[in-house]
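Fair warning: this is a prediction, and the values are worked out from it, not measured in the lab. In what follows, chains carry the letters A, B, and so on, assigned in the order in which the sequence lines appear, proteins first and then strands, with residues in each chain numbered from 1.
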Amino acid sequence: NAGVTQTPKFQVLKTGQSMTLQCAQDMNHNSMYWYRQDPGMGLRLIYYSASEGTTDKGEVPNGYNVSRLNKREFSLRLESAAPSQTSVYFCASSEAARQGQSPLHFGNGTRLTVT
Amino acid sequence: GESVGLHLPTLSVQEGDNSIINCAYSNSASDYFIWYKQESGKGPQFIIDIRSNMDKRQGQRVTVLLNKTVKHLSLQIAATQPGDSAVYFCAENPYNQGGKLIFGQGTELSVKP
């Protein structure tokens with residue numbers, strides 16, 4: 001039982017390049033989330049998906065797109081990377097369809113550097 | 001030892017002592033709270049949660065206390081071990097903000113052997 005798995009673990013991009021961060025969970029959870037974590041800022045929600053087939057913007061969605069491919073998988077895409085997107089990205093999942101009803105379970109993150 | 005959330009981000013305790021990590025939450029509408037532990041290079045790990053209809057909840061070696069009057073949450077770790085060294089942060093869920101969790105920035109716990 002792996003929980004939440006993120007790939008890749010590390011990535012370096014040049015400004016303007018694109019990439020997709022992958023996330024999969026094996027807990028049969030309904031909701032999935034993408035956060036970024038920056039020093040002194042805490043975790044900030046980028047996008048979330050309350051259930052398969054739905055996605056919604058979070059606090060900092062600009063520059064990102066997401067796809068809820070199926071119940072297990074939720075990907076985050078950077079179409080044109082910018083240095084401001086240098087961060088650690090965490091995917092999370094929770095059993096409840098709404099935050100605040102069950103805890104989030106996180107993956108181990110993707111460390112992205114944009115030069 | 002005791003820490004007061006964002007104003008004292010580092011807490012250093014001796015192995016075997018009890019640790020108390022505090023969190024002053026911001027929204028009186030918050031009805032669900034979670035404590036996470038984050039070790040270097042890893043994702044946040046769920047420790048314990050509590051709902052606003054309770055003021056105390058215990059887990060294995062951990063206790064969470066909730067004081068809604070002063071909007072204060074604390075995490076107590078009994079018999080702190082070197083493996084407890086990490087950043088600990090709380091999250092609150094205001095029911096009137098669409099269910100979005102608000103995360104604190106955390107307190108770094110350092111356990112001296």
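- Along residues 106-115 of chain A, the residues that come nearer than 4.5 angstrom to chain B, judged on non-hydrogen atoms, are A/F106, A/G107, A/N108, A/R111 in order of number.
- The line from CZ of B/F46 to OG of A/S102 is 9.5 Å long, rounded to the nearest 0.5 Å.
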Can you give the donor-acceptor pairs under 3.5 Å from side chains of residues 58-66 of chain A to other protein atoms, not counting sequence neighbours?
| from | atom 1 | to | atom 2 | distance (Å) |
| --- | --- | --- | --- | --- |
| A/Y64 | OH | A/R36 | NH1 | 2.9 |
| A/Y64 | OH | A/Y89 | OH | 2.7 |

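- In this structure, B/Y32 and A/P103 have side chains that are in contact, with non-hydrogen atoms separated by less than 4.5 Å.
- Nearest heavy atoms, B/Y36 versus A/L104: OH-O, 2.8 Å.
- A 6.0 Å sphere centred on NZ of A/K9 holds no more than 12 heavy atoms belonging to other residues, nucleotides or ligands.
- No continuous path of ILVMFWY side-chain contacts below 4.5 Å connects B/F103 to A/I46, so the two sit in separate hydrophobic clusters.
- A/L43 and A/L76 sit in two unconnected hydrophobic clusters of ILVMFWY residues. Membership requires side-chain heavy atoms under 4.5 Å apart, directly or through other members.
- Under the rule for a salt bridge (Lys or Arg N to Asp or Glu O under 4.0 Å), the partners of A/E79 that lie at least two apart in sequence or sit in another chain are A/R77.
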Applying side chain to side chain contact (heavy atoms under 4.5 Å, CB included), run through B/Q38 and A/Q37 and close with a yes or a no. CA-CA 12 Å; B/Q38 188 173 21; A/Q37 187 177 45; 2.9 Å; yes
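- In this structure, no portion of B/F33 lies under 4.5 Å from any heavy atom of chain A.
- Residues A/V12 and A/L78 do not share a hydrophobic cluster, defined by chaining ILVMFWY side chains whose heavy atoms lie under 4.5 Å apart.
- Scanning for ring-ring contact (aromatic ring centres under 6.0 Å, His included) contacts around A/Y47 gives an empty result, with sequence neighbours left out.
- Looking at A/Y33 and B/L101, their side chains never come closer than 4.5 Å, going by heavy atoms from C-beta outward.
- A single hydrophobic cluster is not seen to contain both A/V88 and A/W34; linkage of ILVMFWY side chains at heavy-atom distances under 4.5 Å, directly or through other members, places them apart.
- Cluster membership check: B/I77 does not share its hydrophobic cluster with B/L65, using side-chain heavy-atom separations under 4.5 Å among Ile, Leu, Val, Met, Phe, Trp and Tyr.
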